[in-house]
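Inspection log for the structure reproduced underneath, given as structure tokens.
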Amino acid sequence: MSTPYPFTAIVGQDDLRLALLLNAVSPAVGGVLVRGEKGTAKSTAVRALSVLIPEVSVVVGCRFSCDPGAPDPACPDGPHEGGGGAARPARMVELPVGASEDRLVGALDIERALAEGVKAFEPGLLADAHRGVLYVDEVNLLHDHLVDLLLDAAAMGASYVEREGVSVRHASRFLLVGTMNPEEGELRPQLLDRFGLTVEVAASREPDLRVEVVRRRLAYDDDPAGFAARWAEEENALRALIVAARALLPEVRLGDAALRQIAATCAAFEVDGMRADIVMARTATTLAAWAGRTVVLAEDVRQAALLALPHRRRRNPFDAPGLDEEKLDDTLEESGGGDAGDNESGGDRDDSPDDDPDPDGPGGGGQPSQDGPPEAPRNSPARPEPAEGDEAGDEAGPPPGSGGGERSAVRSAEPFRTKVLSVPGLGEGAAGRRSRARTDHGRTTGARRPRGTLTKLHLAATVLAAAPHQRARGRSGRGLVVRRDDLRQAAREGREGNLVLFVVDASGSMAARQRMSAVKGAVLSLLLDAYQRRDKVGLVTFRGRDATVALPPTSSVDAAAARLETLPTGGRTPLSAGLMKAHDVLRVERMRDPARRPLLVVVTDGRATGGPDPVALGGRAARLHAAEGTASVVVDCESGPVRLGLAAALAGDLGGAAVTLDELRADSVADLVRDVQGAVRDARGSHRRVA
């Protein structure tokens, strides 16, 4: 077994270390989500924490790590009566991004269950992690249904496995830690809410701290065991502090004043539901125990808010997590925060939860005080204001030979709910919510022989396959003689996520401020839709003489929205260049992920300028996409009383549909008329029934 990097040797990252230590003291806090750029010691810190967690006593031979002092009465390996206990280190279990549902929750032996009525259960990672640490790296890339199962188990403290009426339940309480890079996509807001705490980490910009990071890492790589030995004393001291805080935690008192501060803070920041209040209460209590106190102070409530509320402040998918600390201080003051800390001195130790109890230890290269906690999360990129006197773009673009024509970015209009754009046919891509696909979850449409491990049994098809062979197999009793060849997998149909590639015309013909604002609003609305449907997105823009990949395909819809906001306009309209650049992007993505089907969304008025016969060149590029079967939609941005219909012609060459900006809205006038007509019909029917 490799020697993990010592927790106390981590340079800086005070908030990260504090959040992990609080969860080590009290897993009831609800785990921690670590957000940050790559190379910021996220994984290193989590793996280092597992060594600090005290040993656990388990029933000998129990695969589910039951506590011999209080065994789980529903344990599949039970009952445990008078079984001996043995101490072992707490486990650190890592959940791979590509894990299957059976690997996470465990699997039943369906063949034995049908033939013998035996619950032969193979435990999964949730059983392995019981009373330990479950770590999910890149949790934002984990399939949604796995995240749901994971967080449900963390909330209930148990895992349930259901297979065709056969069920198994076992205890599953663990410290849940997820790490993610926001550049690769965000978690859904309702899943963010299920993590107790969140911290933002970033690499220090201080040269001295960066030097220390490199120095320690090189020393560890040269001699892991020797490096760990030099930090053993500090590690033991921190482990003792965790044990002491655990013992003190039941004695900590959360007074009415602190509870009122918690409630006032959650109300002031308009968080949804009551989970934030509960998490803040548990965190503040744990902070007091960590500081060696039995009374929760105002400073504990403040620190709890900084850890528990930022990720619950997202009002829409493109909001960056964050908290206004000035507003927080005002709220605590108004709710009586100034008096809460005067009740008890807290002993000889420093009561401030911002000060770690020096986990790096004396002489061990402790962190300089000026490092402090990571900077508060930055807000979304500011939308630049339009320049004064900036006129609409030249419809024909700049004169020959001019390299200018660029205009400042304009603000996007307010987003709206869009109509559903989908890829026709039946795919087999990653689970999502856009297009029809064969998936592991969804409605059952048939049965097939299993490929590999059976995950979803089709009971009727299995019985039909086994029934004709019962006499030949010597069946004599009531049970059905089932063999592996009889098992049938349920074929299910659900929804998949697609690659939505936006090709946006940013030329002079689109540069009129009111029109470009509406266009950006439409694209932003489609990006919101892509976020909700779990798509990958990419952005290609064309203007001037060429096209640019503004954003390669990514799961981070936030990044696409940020690039869209700063998009400049002006110049000629190289339509063919934009379509060919999109063709190159899709060709590469087909090789990387052949199962994910693309949806090409071209946002343009259909005009093309520059070079000989630019419209014909655009048509040929469009027909290239059509020949490869790429599903396409053209969002027609042409406006004014005179319309040339070029966007509709482009959609014909692409083999796709054309929709105007107004038709893109789910609440367009036509839909509104239908809704009104339906309401009138319902009212008339209700009147007749009453009469």
Side-chain angles (χ1 to χ4, degrees), residues 7 10 13 15-24 26-50 53 90-101 103-105 124-126 128-130 132-157 159 172-202 275-276 279 282-283 307-314 317 320-321 374 377 534 555-556 558:
F7 189 85
I10 295 173
Q13 308 297 14
D15 283 355
L16 170 59
R17 291 185 295 160
L18 177 60
L20 291 173
L21 289 170
L22 292 177
N23 276 275
S26 175
V29 166
V32 58
L33 176 65
V34 187
R35 299 163 42 92
E37 59 196 24
K38 49 190 175 293
T40 49
K42 299 188 296 292
S43 300
T44 299
V46 177
R47 294 187 177 101
L49 177 72
S50 63
I53 297 178
R91 288 174 179 159
M92 166 78 174
V93 177
E94 294 194 35
L95 174 62
V97 169
S100 65
E101 180 180 338
R103 183 72 186 98
L104 176 63
V105 301
L125 295 177
L126 290 179
D128 293 341
H130 182 44
V133 180
L134 182 60
Y135 171 46
V136 189
D137 193 13
E138 307 294 351
V139 65
N140 51 326
L141 303 182
L142 198 65
H143 285 172
D144 286 350
H145 70 281
L146 292 182
V147 178
D148 291 334
L149 290 170
L150 179 67
L151 295 178
D152 283 344
M156 295 186 296
S159 175
S172 183
R173 291 182 295 275
F174 47 81
L175 164 55
L176 175 63
V177 183
T179 57
M180 59 174 283
N181 182 351
E183 294 177 356
E184 297 173 341
E186 285 284 2
L187 278 173
R188 303 199 311 268
Q190 59 267 43
L191 298 183
L192 278 171
D193 183 58
R194 298 293 290 274
F195 281 94
L197 310 180
T198 185
V199 291
E200 294 275 344
V201 295
R275 184 174 286 118
V279 171
R282 290 172 175 167
T283 304
L307 292 172
L309 295 188
H311 58 304
R312 296 181 167 92
R313 283 281 300 139
R314 298 187 75 193
R534 315 307 290 167
S555 297
S556 178
D558 302 58

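In what follows, every heavy atom counts, from backbone to side chain, and hydrogens, waters and symmetry copies are set aside.
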NE2 of His130 to CG of Leu125: how many Å apart, nearest 0.5 Å?
15.0 Å
Smallest heavy-atom separation, Ala41 atom then Leu16 atom, equals O-CD2, 4.2 Å
Enter the distance from Arg173:CZ to Leu134:CG here, rounded to the nearest 0.5 Å.
14.5 Å
The criterion is side chain to side chain contact (heavy atoms under 4.5 Å, CB included); which residues satisfy it with Val147, sequence neighbours excluded?
Leu142, Leu151, Leu191
Which pair of non-hydrogen atoms, one from Gly196 and one from Val279, has the smallest distance, and what is that distance?
O-CG1, 3.3 Å
Point-to-point distance, once rounded to the nearest 0.5 Å, from CG of Asn181 to NZ of Lys42
5.5 Å
Going by salt bridge (Lys or Arg N to Asp or Glu O under 4.0 Å), name the residues that satisfy it together with Arg47, two or more places apart in sequence or in a different chain.
Glu94
What is the distance from atom CE of Met180 to atom CG of Asn140, rounded to the nearest 0.5 Å?
4.0 Å
Using side-chain heavy atoms (C-beta onward) and a distance below 4.5 Å, is Val177 in contact with Asn23?
no
Sequence neighbours left out, what passes side-chain hydrogen bond (donor to acceptor under 3.5 Å, both in side chains) with Asp152? Give chain and number order.
Arg194
Residue pair Ala276 / Arg312: nearest heavy atoms and the distance that separates them
CB-CD, 3.6 Å
Carefully, step by step, assess Gln13 and Val199 under the rule side-chain contact (heavy atoms from CB on, under 4.5 Å).
CA-CA 9 Å; Gln13 308 297 14; Val199 291; over 6 Å; no
Taking the side chain as every heavy atom from C-beta outward, state whether Leu175 and Ile53 have any pair of such atoms under 4.5 Å apart.
yes
Please step through side-chain contact (heavy atoms from CB on, under 4.5 Å) for the pair Leu21 and Leu49, ending with a clear verdict.
CA-CA 8 Å; Leu21 289 170; Leu49 177 72; 4.2 Å; yes
Taking all atoms of both residues into account, what is the closest heavy-atom pair of Ser159 and Ser172, and its distance?
N-CB, 4.1 Å
Nearest 0.5 Å, please: how far is OG1 in Thr283 from CG in Leu197?
4.5 Å
So how far is it from Leu126 CG to Arg103 CZ, rounded to the nearest 0.5 Å?
10.0 Å
Applying salt bridge (Lys or Arg N to Asp or Glu O under 4.0 Å) to Arg534 and not counting sequence neighbours gives Asp144
Who are the side-chain hydrogen bond (donor to acceptor under 3.5 Å, both in side chains) partners of Thr179, not counting sequence neighbours?
Tyr135, Asp137
Smallest separation among heavy atoms of Leu146 and Glu101, with atom names:
CD2-CA, 3.6 Å
Sequence neighbours excluded, which residues qualify as side chain to side chain contact (heavy atoms under 4.5 Å, CB included) partners of Ala154?
Phe174, Leu176
Between Phe195 and Val139, the two heavy atoms sitting closest are CZ-CG2, 4.3 Å
